[in-house]
**Q** 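I have a structure here, written as structure tokens, and I will follow up with some questions on it.
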Amino acid sequence: MRFGFAVLLWMGICPALFAETYEVDAVHSSVMFRVTHTEISYIYGMFKETSGTFSLDNAESVDVKIAVASIETGNEGRDKHLLSPDYFSAKQFPEIRFQGKSIQPTTDGVEVSGELTVKGVTKRATITIKEIGKGQGRSGDSRMGVEALFAIKRSDFGVGGPQGLSDRVRLYVSLQGVKK
């Protein structure tokens, strides 16, 4: 009986050893955003290249990177402008990155607190991640889908631009990962 208790105690102390970590499957993942234009309508866009790892058990396994140059809004001129120093300075700062530092279970999933870096500026951020589902891929590999919906302020990261755009940007992140 003492052995069983010791194992349970050890498992409680070392949960990271039992964490499931998933590598982002870029083909089946999406990062989209929405910003208000002139307080009249929304402009939507997406980043087509995402990579990294995630876990709902271990915050230090949450490390998601987005290639800034993969931005697409449906307008080539606007996309080029977003890559310029007016907005993202994509040549100087080629990626957006979120790195988890701590994790807290919630009724909706988990809250991951960590560091969000955009345009070379790193800020503390807390993002709620919820599991969408688990299953197997075509080749029998274990997969998990997660989603995070949150907002950031462009001004917090020095992402400028015309006055007609809202400072608040809504992000929709849907990741599918393959178990490592």
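Values reported hereafter were calculated over all heavy atoms of this structure, with side chains retained and with hydrogens, waters and symmetry mates removed.
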**Q** For Glu23, is there an ion pair with Lys180 - N to carboxylate O distance below 4.0 angstrom?
**A** no
**Q** Could you tell me if the side chain of Val35 sits less than 4.5 Å from the side chain of Tyr44, heavy atoms only?
**A** no
**Q** At what distance, to the nearest 0.5 angstrom, does NZ of Lys101 lie from OG of Ser113?
**A** 11.5 Å
**Q** State the CD-OG distance between Gln136 and Ser142, to the nearest 0.5 angstrom.
**A** 6.0 Å
**Q** Is there a path from Val121 to Leu82 through hydrophobic residues (I, L, V, M, F, W, Y) whose side chains come within less than 4.5 Å of each other?
**A** yes
**Q** Does the side chain of His37 reach to within under 4.5 Å of the side chain of Leu165, using non-hydrogen atoms?
**A** yes
**Q** Looking at Gly120, is its backbone amide N or carbonyl O close enough to the side chain of Thr117 to form a donor-acceptor pair, meaning the two atoms are under 3.5 Å apart?
**A** no
**Q** Testing the basics here: between Ser89 and Lys119, what is the closest heavy-atom pair and its distance to 0.1 Å?
**A** OG-CE, 3.4 Å
**Q** Rounded at 0.5 Å granularity, tell me how far CD in Glu111 sits from CD1 in Ile103.
**A** 10.0 Å
**Q** Under a 4.5 Å side-chain heavy-atom rule over Ile, Leu, Val, Met, Phe, Trp and Tyr, are Leu171 and Ile129 clustered together?
**A** yes
**Q** Going by atom types alone, do Thr53 and Thr21 pair a side-chain donor with an acceptor below 3.5 Å?
**A** no
**Q** Rounded to the nearest 0.5 Å, what separates atom CZ in Arg34 from atom OG in Ser41?
**A** 11.0 Å
**Q** When clusters are formed by joining ILVMFWY residues with side-chain heavy atoms under 4.5 Å apart, either directly or through shared neighbours, do Ile43 and Met32 land in the same one?
**A** no
**Q** If only atom types and distance count, is the side chain of Ser29 paired as donor or acceptor with the main-chain N or O of Leu175 below 3.5 Å?
**A** no
**Q** Going by atom types only, do Ser61 and Ser55 share a side-chain donor-acceptor pair under 3.5 Å?
**A** no
**Q** Would you find more than 12 non-hydrogen atoms of other residues, nucleotides or ligands less than 6.0 Å from Lys80 atom NZ?
**A** no
**Q** State plainly whether the residues Lys65 and Glu95 are in salt-bridge range, i.e. N to O under 4.0 Å.
**A** no
**Q** Side-chain contact test, heavy atoms from C-beta onward, threshold under 4.5 Å: evaluate it for Glu72 versus Asp79 and give yes or no.
**A** yes
**Q** Given His81 and Tyr87, is the ring pair (Phe, Tyr, Trp, His ring centres under 6.0 Å) satisfied, shown in steps?
**A** CA-CA 7 Å; His81 192 200; Tyr87 288 93; 5.0 Å; yes
**Q** Does any part of the side chain of Val68, heavy atoms only, come nearer than 4.5 Å to the side chain of Phe93, both counted from C-beta?
**A** no
**Q** Mind checking salt bridge (charged side-chain N to carboxylate O under 4.0 Å, His left out) for Lys91 and listing every partner two or more places apart, or none if nothing turns up?
**A** none
**Q** Specify the closest pair of heavy atoms between Ile132 and Glu147, including all atoms of both residues, with the distance to one decimal.
**A** CD1-CB, 3.7 Å
**Q** Which heavy atom in Ala69 sits nearest to a heavy atom in Leu83, and how many Å separate them?
**A** CA-CD2, 3.7 Å
**Q** Find out whether Phe54 and Val24 are in side-chain contact, i.e. whether some heavy atom of one side chain is under 4.5 Å from a heavy atom of the other.
**A** yes
**Q** Look at Arg97 together with Asp63 and state whether they make a salt bridge at an N to O cut-off of under 4.0 Å.
**A** yes
**Q** Would you please test Arg170 and Leu149 for side-chain contact (heavy atoms from CB on, under 4.5 Å) and show each step?
**A** CA-CA 7 Å; Arg170 184 93 173 134; Leu149 308 173; 3.7 Å; yes
**Q** At what distance, to the nearest 0.5 angstrom, does OG of Ser30 lie from CE of Met46?
**A** 5.0 Å
**Q** Could you please spell out the steps behind the side-chain contact (heavy atoms from CB on, under 4.5 Å) verdict for Thr126 and Val112?
**A** CA-CA 5 Å; Thr126 300; Val112 179; over 6 Å; no
**Q** With no hydrogens and no angle check, do the side chains of Gln176 and Arg143 hold a donor and an acceptor under 3.5 Å apart?
**A** yes
**Q** Do Val173 and Phe150 come close enough that some side-chain heavy atom pair is under 4.5 Å?
**A** yes
**Q** Go through Phe47 and Phe33 one step at a time and tell me if the ring pair (Phe, Tyr, Trp, His ring centres under 6.0 Å) criterion holds.
**A** CA-CA 8 Å; Phe47 293 95; Phe33 63 88; 5.6 Å; yes
**Q** As an exercise, state the distance from CD1 of Ile152 to CG of Asp167, rounded to the nearest 0.5 Å.
**A** 9.5 Å
**Q** Kindly give the heavy-atom pair with the smallest separation between Leu56 and Glu131, and that separation in Å.
**A** CD1-CB, 3.7 Å
**Q** Would you check, one step at a time, whether the test side-chain contact (heavy atoms from CB on, under 4.5 Å) holds for Val64 with Ile96?
**A** CA-CA 8 Å; Val64 177; Ile96 296 169; over 6 Å; no
**Q** Applying side chain to side chain donor-acceptor pair (under 3.5 Å), can you list everything that pairs with Arg78, at least two apart in sequence or on another chain?
**A** Thr73
**Q** Which heavy atom of Asp25 sits nearest a heavy atom of Val178, and at what distance?
**A** CB-CG2, 4.4 Å
**Q** Please test Thr128 against Asp108 for side chain to side chain donor-acceptor pair (under 3.5 Å), starting from the C-alpha separation and ending with a verdict.
**A** CA-CA 8 Å; Thr128 300; Asp108 294 330; over 6 Å; no
**Q** Relative to Phe157, does Arg154 satisfy both conditions: NZ or CZ under 6.0 angstrom from the six-membered ring centre, and within 45 degrees of the ring's axis?
**A** no
**Q** Does NZ in Lys130 sit with more than 12 non-hydrogen atoms of other residues, nucleotides or ligands closer than 6.0 Å?
**A** no
